[in-house]
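Worksheet: one structure, shown below.
Throughout, protein chains are lettered first and strands after them, A, B, ... in sequence-line order, and every chain is numbered starting at 1. Here the structure is a predicted model, which is why all the values come from computation and not from measurement.
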Amino acid sequence: MPGPRASLLSLDPARLSLPEKPALEGLEAKWTPRWDADGVYAFDRSRARDQVFAVDTPPPTVSGSLHVGHVFSYTHTDVIARFQRMRGKAVFYPMGWDDNGLPTERRVQNYYGVRCDPSLPYAPGFLPPTTPPKPPMSVSRPNFIELCNRLTGEDEKVFEHLWRYLGLSVDWSMTYATIGTRAQRVSQIAFLRLLSKGYAYQVEAPTLWDVDFKTAVAQAELEDRDLAGAYHRIQFAKPDGGVVEIETTRPELIPACVALVAHPDDERYQPLFGHDVITPLFGVRVPVRAHTLADPGKGSGIAMICTFGDTTDVTWWRELSLPVRAVLQPDGRLGAVSWGTKGWESADAERATRYYGELQGLPAAKARVKIAEQLRDSGDLVGEPRQITHAVKFFEKGDRPLEIITSRQWFFKTIEFREPLLKRGAQLQWHPPYMQARFENWTNGLNGDWCVSRQRFFGVPFPLWYPIAADGRVEYDKAIAAEEHRLPIDPSTDVPPGYREDQRGVPGGFAGDPDVMDTWATSSLTPQIACGWPDDPDLFARTFPMDLRPQAHDIIRTWLFDTVLRAELEHDSLPWTNTAISGWVLDPDRKKMSKSKGNVVTPMGLLEEHGSDGVRYWAASGRPGTDTAFDTGQMKVGRRLAMKLLNASKFVLASSQLQGPITAEVDRAILQRLGQVIDAATLDFEGYDYARVLQRTEDFFWRFCDDYLELVKGRRYGEQGPEGAASANSALAAALSVLLRLFAPFLPFVTEEVWSWWQPGSVHTSAWPTRAELDALLPEHAPAQDSRDQQIYDWATTVLFEVRKQRSEAKQPLKVPITQVAITAPSADLALMPSVDADLRAALRVHRFECAAGEGRTFAVAGYDAAPA
RNA sequence: GGGCGCUUAGCUCAGUUGGUAGAGCACCGCCUUCACACGGCGGUGGUCGCAGGUUCGAGUCCUGCAGCGCCCACCA
């Protein structure tokens, strides 16, 4: 473990090796393999928990392409990780790939031109056609999963190359994938443990359903989209012969109507409560009920309850104990109905059958148009439909509005943990703090348990089978769980204990659970997956709860919330102590950087054009949680900074063999100032404010170059004798050592390059600088002396500035010496002059300063030497 | 409808216990200077969204308003 050593600050001429012409090109290719070979970022798992800094890296979705937003936020994490490593922590920084779930399935379908048909048998050795066939060819589920693994494997190689090129200090030996064996094992073990605790349960219930993907989805995966719709005003017949009018945007659900509902205080409808009305077209008697959720101000104040049109219908249906009369099928079309049979009693079954026959088989949107015609013909439509735009719930990856379909699904208990979860949210350190409000907002707004089953293929299966009764009925309430040591298993190919494969799907035999888990049910276990739970308790004890979860703010409701929930349910603990929330990368026109634009500007292209250090500089300038504009200008600035660092370092290290005590006032002053920068930067870093660290360091560095380097240039070349040169050289070397280490987390390539010119080992495993290191070089300083040194330095920069300005205004080139500068200033200022007179004359090319005591400060250039011929 | 954030130079943004407005980019001028033209030096540019309030003093604290963005809810 490298600790602070004086030798980091001094120069060993025997070790020095300066390039003729330093360059940034090729530094990524030069250093990435060396870091790998030297294990610079390898996690030392012998260290105790308090000496470890564990990062729960977001596993990027491999089915997409990486875009600048990834580069942006992953750089933030890397900067923090590098700081912690230099502070002496063993940094646990694995990378994961999220290759599980729907996005991968979609990509595989399009890429290979296939679709999954679970009824087909596995075809060993199957290879997809070289060009995607049209229409897509059907493949078995195991073959489909092979293709998913094959494509994600290729994508992951590309991703890893980009991350290495960017300079992420990840330990690549610990990489995991959310569809990998280990993630599946953790996911299945965690599921079975929740099941045994009673925290996981299955139920046949109305569930949010995507009709294109034909799967259940969770509340967290919803989004609202504005859609054109129309209010239809429709008559229901009252028993006394009158009518009651309702308004609906979904008239196609009239056959699914089970009741009307109005507010209990609504005097208009109170007489109807407890009585029945007759549905138009289908002649079904439905009751009129009272419920406080009915809004007297909306539509006609009385609403139709269908099974199911929206989530409010579900609430009414449950709380009013209404029957189910479902017409929508999982594919979003209206299914077959036998009017006149039980549950479908109609006053005129023949008429109902005639009307419904025109609707059956249509998708909901088409049925809506058709039924409006029917209602118009039958005289039950009042006026014409009124066009509106309203927000409708969609699956975030879906193309058609969600429906609510009754089906058997697995849930994790969530609602009853609302209070403990809110407490965990308050314990977590949020960077920036206001992001905690997002978490609380979401937690308080939860309206149901987490539906975790998906009717898809490429995901982690439920490790369960069900007995099949003698009558062929699947006994879902008698689930057979796999033994933990066998996990992961796939119930579609593995056989439960006590059964044989030939008993699959037959009466008296068994059936595997056909579903896979929500991708978040696995992603919410990234701390457990990365930290070795439960198979490597030693690693787990050294890394969990982790220190940092970095992520973007749009997935607080999913990834962050779900991870907190799983740690609460499994470990009664927070999964990490800190979370750093990154903003988004915005287009210059303030829109979120879109995928299409991200593809136009590829991350690799940016890294090649501006250098990884340049791109990292831009990324690290974005403050935690703040959306940041995509700005190649900032990348150019970063590249310029890296270039400046190369050149300034070359200057500092050249002709620097003569080292000695730091005696000159300005030399002491610059190191004092640098010490203050270290203190402030360290505090900022501890608060995760990396952007401010960079800003402070950069600010100091430019002033260091512009003023200090110019000021000592003559002296360090020996113009004032060996002691002066030695003082300057020692101060320069010390300052460079500190600056390289301050910049190292941000600009890993250029700092490593310069470090290698004169220091052993990697700058990235060197110690984070401290003020005490620099103080040790100034053994006899006292506060009064420090203060005077600072006054001298300030005075020197004032003179530099004033004389430069006059030279600029006089448009005199630097090669023309100034004959004399007349300075009038208070005698306290003039008393500082002797300490810097020689430095200033050299830096400004002034023959002499003529000083006179007086009020205020004036600097008058008396004249210039004749320009050389 | 509820919540959170933002609003400072043409652009991107700093401004940490309230004390005379900052940086970079862009723009203008000068300079090939022996670390650096992938450069250096200097300069122009802002009634800090609006209106009140607290204070000797407000970009900073309080109240209200407006615009923008995001999250959530409602969606008959």
Side-chain angles (χ1 to χ4, degrees), chain A residues 18 21-25 224 226-227 229 231-234 246-250 260-262 293-295 297-306 309-313 388 390-393 432 434-442 444-447 553-554 556-557 583-584 586 588 590-592 610-611 614 618 621-623 625-631 633-634 636-637 639-655 680 683-684 687 689 691-692 695-696 698-699 702 705-706 709-710 713 717 800-801 803-816 845:
Chain A
L18 283 184
K21 181 84 180 166
L24 296 174
E25 285 72 20
D224 285 355
D226 283 333
L227 209 62
Y231 279 125
H232 299 68
R233 199 171 183 94
I234 291 161
I246 62 113
E247 281 199 342
T248 181
T249 55
R250 304 209 56 186
L260 298 189
V261 65
L293 263 182
D295 182 352
K298 264 189 190 152
S300 58
I302 187 164
M304 166 174 88
I305 304 175
C306 305
D310 60 31
T311 51
T312 317
D313 278 347
I388 54 155
H390 60 157
V392 178
K393 286 196 194 310
Y434 60 77
M435 288 294 179
Q436 189 193 339
R438 303 263 185 120
F439 178 87
E440 294 188 343
N441 219 332
W442 173 253
N444 283 319
L446 285 171
N447 55 29
H553 52 63
D554 55 332
I556 289 174
R557 68 173 179 168
W584 279 337
L586 302 176
R590 311 303 304 170
K591 294 281 189 291
K592 188 189 173 191
H610 303 288
W618 160 75
S621 305
R623 311 188 83 76
T626 306
D627 293 345
T628 299
F630 176 72
D631 186 357
Q634 281 298 103
K636 291 191 171 78
V637 172
R639 186 176 171 81
R640 198 181 60 145
L641 172 64
M643 197 66 210
K644 188 82 173 174
L645 206 46
L646 280 183
N647 286 312
S649 300
K650 183 182 162 197
F651 168 75
V652 165
L653 295 173
S655 339
L683 274 177
D684 288 335
D689 197 348
R692 190 186 293 272
Q695 187 186 314
R696 283 186 198 283
E698 187 191 9
D699 191 56
W702 284 107
C705 290
D706 294 348
L709 290 189
E710 295 299 327
K713 207 172 254 182
Y717 285 132
L800 269 181
F801 174 78
V803 175
R804 279 170 175 168
K805 180 153 80 173
Q806 293 194 34
R807 184 187 285 279
S808 179
E809 283 164 359
K811 303 188 177 181
Q812 287 290 337
L814 193 64
K815 64 188 173 190
V816 179
R845 301 215 175 176

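Taking the six-membered ring where the residue is Trp, A/F630 and A/W618 present perpendicular rings, their angle passing 60° and hence far from 30°.
Here the separation of B/G45 from B/G22, taken at their P atoms, is 13 Å to the nearest Å. Look at the P atom in both B/C71 and B/G52: the space between them is 35 Å, to the nearest Å. Nucleotides B/G49 and B/G59 are separated by 10 Å at their P atoms, to the nearest Å. Rounded to the nearest Å, the gap between the C1' atom of B/A51 and that of B/G67 is 15 Å. Nucleotides B/U44 and B/C50, compared at atom P, are 25 Å apart to the nearest Å.
Secondary-structure stems of RNA chain B, taken as three or more successive Watson-Crick or G-U wobble pairs (i with j, i+1 with j-1) under a 3.5 Å distance threshold, comprise B:1-7 with B:66-72, B:10-13 with B:22-25, B:27-31 with B:39-43, B:49-53 with B:61-65.
Residues A/C705 and A/K644 are in side-chain contact: their nearest non-hydrogen atoms beyond the backbone lie under 4.5 Å apart.
Contact annotation: A/Y434 does not reach the phosphate of B/C70 (side-chain N/O to OP1 or OP2, under 4.0 Å).
On a pure distance criterion of 3.5 Å, a polar donor-acceptor pair joins the side chain of A/D224 and the base of B/C74.
Judged by closest nucleotide on RNA chain B, A/A648 is the one of A/R804 and A/A648 placed further toward the 5' end.
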- prompt: Can you give one letter per nucleotide of nucleotides 18-29 of chain B, going 5' to 3': B for a protein heavy atom under 4.0 Å from the base, S for sugar-phosphate only, - for none?
  reply: ------SS---B

